[in-house]
There are 2 protein chains.
Amino acid sequence: MPTGTRDRILDSALAAFGMRGYDATSLDDLAVDLGITKQAILYHYSSKEALLEATIELAVNELGSALSGAANPQARGFERIEDLVRATFSLAARRPEVLGLVRLVSRQGGVASGKLASAMSVMLGDAVRFVEAEMAAGRFRRLEPRMLLLAVYSAVVGVATEPEVMRALGLEPDLRSLVRARRETIEFLRAALIAD
Amino acid sequence: MPTGTRDRILDSALAAFGMRGYDATSLDDLAVDLGITKQAILYHYSSKEALLEATIELAVNELGSALSGAANPQARGFERIEDLVRATFSLAARRPEVLGLVRLVSRQGGVASGKLASAMSVMLGDAVRFVEAEMAAGRFRRLEPRMLLLAVYSAVVGVATEPEVMRALGLEPDLRSLVRARRETIEFLRAALIAD
DNA sequence: ATAAATACTTACCATTTGGTAAGTATTCTG
DNA sequence: CAGAATACTTACCAAATGGTAAGTATTTAT
């Protein structure tokens with residue numbers, strides 16, 4: 001590996017954009033952090049927005065591989081949901097910046113969100129088909145699949161990435177609480193999903 | 001009412017901070033929007049951060065009154081949750097910037113989030129006691145009350161305020177979809193909460 | 001009538017920011 | 001070994017940004 005600077009920039013940018021926000025992170029901040037000059041960044045990525053797009057691509061890939069790695073095609077019914085929730089929480093603990101960036105971009109829209117939306121719609125399409133099949137098999141409660149997924153997505157990502165709300169509830173966002181939050185989220189979803 | 005400029009600034013700032021973000025909104029933008037000069041803003045609010053704190057206070061008040069206005073103390077069990085979810089969706093449709101700002105601040109932490117946290121912890125304390133009472137009465141499923149609230153909060157606010165995720169699911173975030181999302185979210189929560 | 005407070009505006013300003021231009025050291029290629 | 005591509009750095013820069021200083025018109029208080 002000759003340099004790896006390009007990858008180091010990408011990693012730092014993902015961490016900074018995902019945790020502190022895009023506007024709150026200047027190229028100079030990143031450069032100082034990396035011990036290089038701002039122009040080195042602009043050599044590898046033609047503009048700040050181009051860098052953002054690259055970080056989004058990386059984040060989507062990481063999220064995708066985390067989820068597809070967890071999705072055991074053998075698993076049926078709620079087991080599969082459980083696997084996915086576990087994987088999501090694991091990612092939130094290991095690399096909070098990835099989910100942070102996804103949330104950030106999905107909220108503010110703009111040019112960059114188009115890429116994210118199209119990348120995620122593939123995953124979501126699979127998910128919709130899975131949920132529909134489970135409903136048809138009578139294992140999941142009958143609800144509108146897409147709305148259901150939106151609620152599940154919001155609940156999981158929200159619980160996994162909202163430390164301030166946890167603090168307001170009197171829970172410290174440490175690892176132990178996160179583990180408990182994961183367990184409770186799974187129970188919550190189990191109750192909501194499984195057909196009587 | 002002599003001027004009202006102070007209030008107009010506050011309204012515009014809440015809308016801009018809540019929808020586009022704090023960093024993404026410059027005082028010049030706000031000033032042009034209002035047809036005044038930037039220095040008029042700094043006359044009423046000593047700094048941009050002071051303005052942010054004022055908008056947070058306003059947003060918390062609006063959220064609080066929307067929720068307390070909906071909370072019928074007579075209502076028991078799931079009815080009360082339903083009222084609250086309806087009120088939250090109504091607020092999301094009427095003034096999306098309020099929930100937007102709450103989410104924004106709760107995510108990024110910082111100085112301002114302390115005020116929000118303390119203001120919200122009162123509401124959440126009431127909510128925790130309510131949920132505990134319902135569990136004790138056997139009307140709600142037994143789950144950890146605070147984690148449950150976190151999941152409910154995340155699901156509702158997420159569904160109500162994530163247009164991009166809705167788009168990725170192939171749903172246009174218009175009023176009709178929002179009404180459907182509300183109905184489905186309520187059904188989802190009903191299934192998750194109500195004890196067998 | 002005069003002083004003083006209120007509600008601004010015009011005029012600046014230092015810093016930060018994303019970005020360009022040009023130079024330099026190093027490595028690869030013919 | 002010459003030249004070209006790669007991977008940077010130093011040197012700038014125009015625009016934007018939050019904020020200060022000072023002036024002005026209007027209303028209020030004495």
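Chain letters run A, B, ... following the sequence lines, proteins first, then strands; residues in each count from 1.
Between A/L42 atom CG and C/dT17 atom C1' the separation is 11 Å, expressed in whole Å. Following rounding to the nearest Å, B/Y45 (OH) and C/dC8 (P) show an atom-to-atom distance of 11 Å. Computed from coordinates, the B/E49 CD to D/dT17 P distance equals 18 Å when rounded to whole Å. We find that CG of A/D28 is positioned 7 Å from P of C/dG18, with the value rounded to whole Å. As rounded to whole Å, 15 Å separates atom C1' of C/dT9 from atom CG of B/L34. Between B/I41 atom CD1 and D/dT17 atom P there is a gap of 12 Å when expressed in whole angstrom units. Atom pair A/D23:CG and C/dG18:C1' shows a separation of 12 Å (rounding to whole Å applied). If you take CG of B/L52 and C1' of D/dG18, they are 14 Å apart, rounded to a whole angstrom.
Two residues are said to be in side-chain contact when any heavy atoms from C-beta on lie closer than 4.5 Å; B/E62 and B/E97 fail this criterion.
Cation-pi geometry between B/R94 and B/F89 is not met: the NZ or CZ atom fails to fall both under 6.0 Å from the ring centre and inside 45° of the normal. Cation-pi geometry between A/K48 and A/Y22 is met: under 6.0 angstrom from the ring centre, within 45 degrees of the axis. A/R80 forms a cation-pi arrangement with A/F130, by the criterion of a distance under 6.0 Å to the ring centre and an angle within 45° of the ring axis.
Side-chain N/O atoms of B/H44 include one lying less than 4.0 angstrom from OP1 or OP2 on C/dC8. Between A/Y43 and D/dA7, a side-chain N or O to OP1/OP2 separation shorter than 4.0 Å is present. For the pair A/S26 and C/dT16, the criterion of a side-chain N or O lying under 4.0 Å from OP1 or OP2 is not met. In this model, the phosphate group of C/dT9 is approached by a side-chain N or O of B/T37 to a distance below 4.0 Å at OP1 or OP2.
For C/dG18, its base sits under 3.5 Å from the side chain of A/K38 at one donor and acceptor pair at least.
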In B/S/- notation (B base, S sugar-phosphate only, - none; protein heavy atoms under 4.0 Å), nucleotides 21-28 of chain D written 5' to 3' is B-------
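Nucleic acid contact class of A/T25 (heavy atoms, under 4.0 Å, all strands): sugar-phosphate only. Counting any heavy atom pair closer than 4.0 Å across all strands shown, A/L27 reaches sugar-phosphate atoms only and no base atom.
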- Message: Applying salt bridge (Lys or Arg N to Asp or Glu O under 4.0 Å) to B/E187 and B/R183, what does each step give before you reach the verdict?
- Response: CA-CA 6 Å; B/E187 287 312 303; B/R183 198 178 55 226; over 6 Å; no
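For the side chain to side chain contact (heavy atoms under 4.5 Å, CB included) test, residues two or more places apart in sequence or in another chain that qualify with A/A93 are A/L175, A/L178.
Between the side chain of B/T185 and the main chain of B/A181, a donor-acceptor pair closer than 3.5 Å is present.
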